[in-house]
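These notes concern the structure reproduced below.
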Amino acid sequence: MSNQNISTSILIINFRNQRTYIKKMKSLKLRNTTWRSVFIFVLGLTSLSIYVYLQYERSTLSSHYYTNVNQQFCRIPNLNPWDPSISAYIKQTESGCPNVPPLMSVDDQGFLQFNDTSARHFGIKATDLLCTYAIVQRNGDNDVIFEEVKRIVFPVFVPGRVFRVQCKNKIDIVVYDFVHINVDYLEPLSDKMVTPEDNQTYSIFFVGIDSASRSHVLRNLPLTYAYLRDELHMYDFKGFMKVGINTFPNLCPLLTGKSESEFPFYLILMKLDSMPLLWKEKEFERYVTLYAEDRPEIALFNFHKRGFVDPPTSYYFRPVSLAMTKFTPVIVSPLPAVNSECYGNLHQYDIVLDFYRRFLEKFRSKLRFAFFWNNQLSHESYTSLWNGDLPLLQLFKSMKERGHLNNAIMIVYSDHGYRLGGLSTTYVGRLENNLPFLSVYIPESLKKRFSWIPTNLNQNAERLVTVYDIHKTISDISKNKFENLTDGNVYSQRTARNLLLPVPKERTCVDAGVPDEFCTCQTSIQINPSHFKMTLLGKHVVDFINKLLHKFSKYCQLLQLSKVTDARVIYKRKEQDLLDKFNVFIFGAEGDDTGRYTLTVETVPGLGLFEAVIVYDEIMESSDKMKNSISLIGNPSRINRYGNQSHCIDDKFLKQYCYCNSG
Ligand SMILES: *[C@@H]1O[C@H](CO)[C@@H](O)[C@H](O)[C@H]1NC(C)=O
Ligand SMILES: *[C@@H]1O[C@H](CO)[C@@H](O)[C@H](O)[C@H]1NC(C)=O
Ligand SMILES: *[C@@H]1O[C@H](CO)[C@@H](O)[C@H](O)[C@H]1NC(C)=O
Ligand SMILES: *[C@@H]1O[C@H](CO)[C@@H](O)[C@H](O)[C@H]1NC(C)=O
């Protein structure tokens, strides 16, 4: 209130100044009185407009005074993937697997074929070998068993989805030992009707890549990106924002429409069979389903989770990836054991992509729900994603050319950007982290049915959207709900929105379901990180972390602030108000420091880097005294790798903070 009065009086003074100025002008005896009147008129009009404008700005902004900054509508950052500040991190490393030709492979009819070309290369003959297969059976979600061993005469149709092939030569030496897949084997589906697609019911394809921000995709998957944009005419969402720190909190809402925290205990304590996953909804009963994910040790439903009793989908890749860990592959001579990149002579991503492609082919023109998630390409390193460009391009090309996309919706997406170390220690990298890739494919037949769909999607591609919206969109499409669902209001609680309908321009992080600490809607200004006030805030962050570690104080060392490495102000209370800004500009009045900051702090021992969002405020301590209040929004996030610094504790959340006593 008092602020308003002061500002108004300042403007009056200002008008007075103008009058004096005008008097001076008079004394100059301007000859042309018409010109003088025009001058006065224009000056008066300008002053009035500025005043009215500032009052207007004040009235629109003042409602945000002291309120949550995330209730302002979202300004999507326009990131340059080649921003000079991150050039040091834009590198590409080659990933290579042993260059050994395949001795056998499964053909498109499901027959295991012996490759005579390769055999000649190795100088061996099929007739000199004794080969057997053993079908792999799932044994719970973390183990597989091998059935009895059977003799092979090539070519052979093995009646199992996954099997191990072993060959010995005449002197009983193992010259071949490998896991193979036969997607054509139908058994578990035999009594299930698989319904054909048509132009009113759509197959649903998800292609997900871990840790790939939109910028990262633009930098590293240029061929794939261009193909999605130019050939598949997909919609490239620039305001797709993450809603949780890592993979599970982002994919959980995508698959269930709910946040991880809405599933209190059972997620951790129980098997996940009862989790209401999207493809388990009634509408998908007619679909043949697939879930394919690599890297079994960090898989979505198994990393710190207990997996499923029954396979969650009719085609489930996990037994394949588990079987690959059971023995060392041999192609004539032993190959390295399976690692995060390769299985024998093959890239892990090629194996999963092949599984996916063969599945699509097997059930061509049938209703399919296929969920692909790749951990390998980008999870470990921010320089490796480009290795996926050609394989992904080939997948999408074959999907189009083979007609799989005629009656299908496809979502190509990621969970978040690169999170730990390297790029993510820069400001631009941290923004990228919050803005994963999302691209949506809509078949021509659907665009024809509802001509408003392309218009809305083009518009929504520039707006704030999240995984909650993807869930809602796919769920609505599966129920054939297309019309009269429009709701243009912005709410003060999470609201899932169908991406085919208009998403409000005024959408806020609250409405979108983005927690405060990941809300990347406001521009920020860099400030001097060594300013004593930033040190004060930095100490507060470290105290906060030490409190979190309290229950492990026996194991983890007390952290200390080494330095604040980066500080940014998202808004200052004073700077937010244009009228005040104007006053500061005119009178040089001192602004205060209250507002919202993002800080990167380095701690010792261990040189951990943490990012935190802090609200620095003044609150009334008593009727005449103000007190500083510092509070953190969410928890600080570790942004560099902690390796085995926290080997002494097993707490998934606290591991990022702990530096073990024993070093
Ligand atoms: C057989 O192996 C050769 C390389 O030795 C390879 O070029 C060819 O594609 C393989 N054939 C099949 C059917 O996998
Ligand atoms: C959908 O399919 C039906 C029958 O196959 C055809 O008559 C109709 O034109 C198709 N609609 C669109 C939008 O392609
Ligand atoms: C949608 O609403 C319009 C008018 O508001 C109406 O004419 C149309 O029949 C409705 N469509 C459906 C599918 O309910
Ligand atoms: C883990 O810690 C031990 C010491 O406890 C050290 O020797 C080893 O190199 C560390 N490994 C990694 C991967 O950092």
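The basis for the numbers below is simple: all heavy atoms, side chains too, and nothing from hydrogens, waters or symmetry mates. Throughout, residue positions are numbered sequentially from 1 according to the sequence presented. Whatever order the structure lists ligands and atoms in, that order sets their numbers, starting from 1.
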Practice item. Go through the steps for Tyr316 and Asp141 under the test side-chain hydrogen bond (donor to acceptor under 3.5 Å, both in side chains), then give the verdict. Key: CA-CA 11 Å; Tyr316 188 39; Asp141 222 15; 2.9 Å; yes
Practice item. Evaluate side-chain hydrogen bond (donor to acceptor under 3.5 Å, both in side chains) for Gln113 paired with Asp107, printing each intermediate quantity in order. Key: CA-CA 7 Å; Gln113 300 275 4; Asp107 69 15; 2.9 Å; yes
Review point. Where do Tyr356 and Phe372 land on the ring pair (Phe, Tyr, Trp, His ring centres under 6.0 Å) test, with the steps shown first?
Key: CA-CA 7 Å; Tyr356 194 77; Phe372 166 91; 5.5 Å; yes
List, for ligand 1, each N/O atom that has a protein N/O partner under 3.5 Å away, with both atom names and the distance.
from	atom 1	to	atom 2	distance (Å)
ligand 1	2 (O)	Asn115	OD1	3.3
ligand 1	2 (O)	Asn115	ND2	2.4
ligand 1	2 (O)	Ser118	OG	2.9
ligand 1	5 (O)	Ser118	OG	2.8
ligand 1	11 (N)	Asn115	ND2	2.9
ligand 1	14 (O)	Ser105	OG	3.3

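Pairs engaging residues 323-355 under the disulfide bond (SG atoms under 2.5 Å apart) rule: Cys97-Cys342 [sequence neighbours left out].
Remark: Lys362 engages Asp184 in a salt bridge (charged side-chain N to carboxylate O under 4.0 Å, His left out) (not counting sequence neighbours).
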Output side-chain donor-acceptor pairs under 3.5 Å for residues 429-440, partner residues at least two apart or in another chain, one line each.
from	atom 1	to	atom 2	distance (Å)
Arg430	NE	Glu611	OE2	2.5
Arg430	NH1	Thr425	O	3.3
Arg430	NH1	Thr600	OG1	3.4
Arg430	NH2	Asp566	OD2	2.9
Arg430	NH2	Thr600	OG1	3.4
Glu432	OE1	Arg219	NH2	2.9
Glu432	OE2	Arg219	NH1	2.9
Asn433	OD1	Lys242	NZ	2.9
Asn434	ND2	Thr520	OG1	2.8

